[in-house]
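Read the numbers this way: they start at 1 and go in the same order the structure lists the ligands and their atoms.
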Amino acid sequence: MGPEGRPHDLSPATVAVTAGRPDRTPGGPVNPPVVLSSTYVSTGTPGPGELLYARNGTETWVPFERALADLEGAAQPALVFGSGMAAIAAVLSLVPSGGRLVVPRHAYQVTLGFADDMALRNGVEVVRVDIADTAAVVEALRAAPTSLLWVESPTNPMLEVADLPALVDAAHAVGVPVAVDNTFATPLGQRPLAWGADVVVHSVTKYLAGHSDVVLGAVVVDDPELHARFLAYRTLHGSIAGPWEVWLALRGLRTLALRVGRSQETAVELARRLAAHPAVAQVRHPSLPDDPGHKVAARLMTGFGSIIGLRPVGGVAAADAVVSALRLWVPATSLGGVESSLERRRRFTTESATVPEDLLRLSVGIEDVEDLWSDLSQALSAAAALPGR
Ligand SMILES: *Cc1c(COP(=O)(O)O)cnc(C)c1O
């Protein structure tokens, strides 16, 4: 039995439901309460673990932090932050002024923007690599002393899949710590700490909360010193989450396995149909046997995720026409909600220039697969029928 009297070998789907519950007391609640208090009664020198002030810690964070740590298989409680970017900023503080940071050439665009800002203001050397090209990453790590290897896998929005254990081994061989943004895969898809990664970050906003109603982030580590460091960072910077948001995220987390399971299943089917559609120039999903990420994903991941990359025949005009013609799919940024959504990523001038102009990033939700397909296929046909095509 685990420390809370639960068996150690529960499956992740069960852990998502059971972790972080209050003790079983007759008449006690099944769910943890939301406590709205900025301060706590305190006299004299606070005892160890005593709540003091809500920027330092609150009881409402604890069950979520426990549950996410259990899902990632972490030895320390997770640390919840006010957004994914707040969590990422905390982890990137591991890179000192004048340090060297290796990042994927395609990754969440604001993470890359943050790295560029570190280059500008703190003289950090930022090296961009193709994270799916293990030899290229190893070469970058060996070229000069490096402060941190940042990994996203699958990458946003290009869906490149990293050979995580190989990258972790190569980085550790030259003394470089590894941080993994596990937002796309979720802890049900891969557990980077089990491969030896030092830090996992999440945009909790996406699959973990899962209902497009909160913005939140989290950092997960095994090492007590790293935990203390990121906890101190959160308190010093005040990059904290509100209690309501964390309570909603825990409520969302309870159905993680159902949501992720359904949306992945649907994504596999939609990717297969899209690959055969005459109005589609290219489709990227690691489930497709000829996708560049398929082999590594099949070996390392449980499931292939529910983000699809789609390039319609006809370039940017056709891509924009598809977005406008959809009735069920929501045209919006973000991903990982119960509702299916999509956007053309290069509509943001800040997106990497090597992301194709006409790439649509589809986030598959939990609606009926046939409803999603009929909307998508009518939109592709409408775009293909545009004048001039
Ligand atoms: C959305 C996202 C982030 C940023 O998280 P926020 O919660 O929006 O701050 C980081 N990484 C990935 C992969 C994302 O998709």
Any side-chain donor-acceptor pair under 3.5 Å between Ser287 and His285? yes
Distance-only N or O hit between ligand 1 and Glu152, under 3.5 Å: no
Checking the N or O distance criterion of under 3.5 Å, is ligand 1 in contact with Met85? yes
Just checking, any donor-acceptor pair under 3.5 angstrom between side chains of Thr25 and Asp23? no
Run the salt-bridge test on Glu343 and Arg347 with the 4.0 Å N-O cut-off and return the result as yes or no. yes
Closest non-hydrogen protein atom to atom 4 (C) of ligand 1, residue and atom name please, with distance? Tyr108 CE2, 3.2 Å
Side-chain H-bond candidate by donor/acceptor type, Thr146 with Arg100, under 3.5 Å: yes
Has ligand 1 got any nitrogen or oxygen that is less than 3.5 angstrom from a nitrogen or oxygen of Lys206? yes
State plainly whether the residues Glu139 and Arg142 are in salt-bridge range, i.e. N to O under 4.0 Å. no
The protein heavy atom nearest to atom 7 (O) of ligand 1 is Thr205 OG1, 2.7 Å
Exercise: do Asn182 and Gln190 side chains pair donor with acceptor under 3.5 Å: yes
For atom 11 (N) of ligand 1, the protein heavy atom that lies nearest, with its residue and separation: Asp181 OD2, 2.6 Å
Identify which of Ala209, Ala87, Gly82, Ser203 has a heavy atom lying nearest to atom 5 (O) of ligand 1. Ser203
Any salt bridge between Arg346 and Asp358, counting N to O under 4.0 Å? no
Return yes or no for this condition: an N or O of Gly84 is under 3.5 Å from an N or O of ligand 1. yes
Strictly under 6.0 Å, is that where the ring centroids of Phe304 and His294 end up? yes
Under 4.0 Å from a heavy atom of Leu216: give me the atoms of ligand 1 that qualify, with their elements. 7 (O)
Using a strict cut-off of 4.0 Å, indicate which atoms of ligand 1 neighbour a heavy atom of Ile88. 10 (C)
Quick check on Val110 - does any of its heavy atoms sit under 4.0 Å from an atom of ligand 1? no
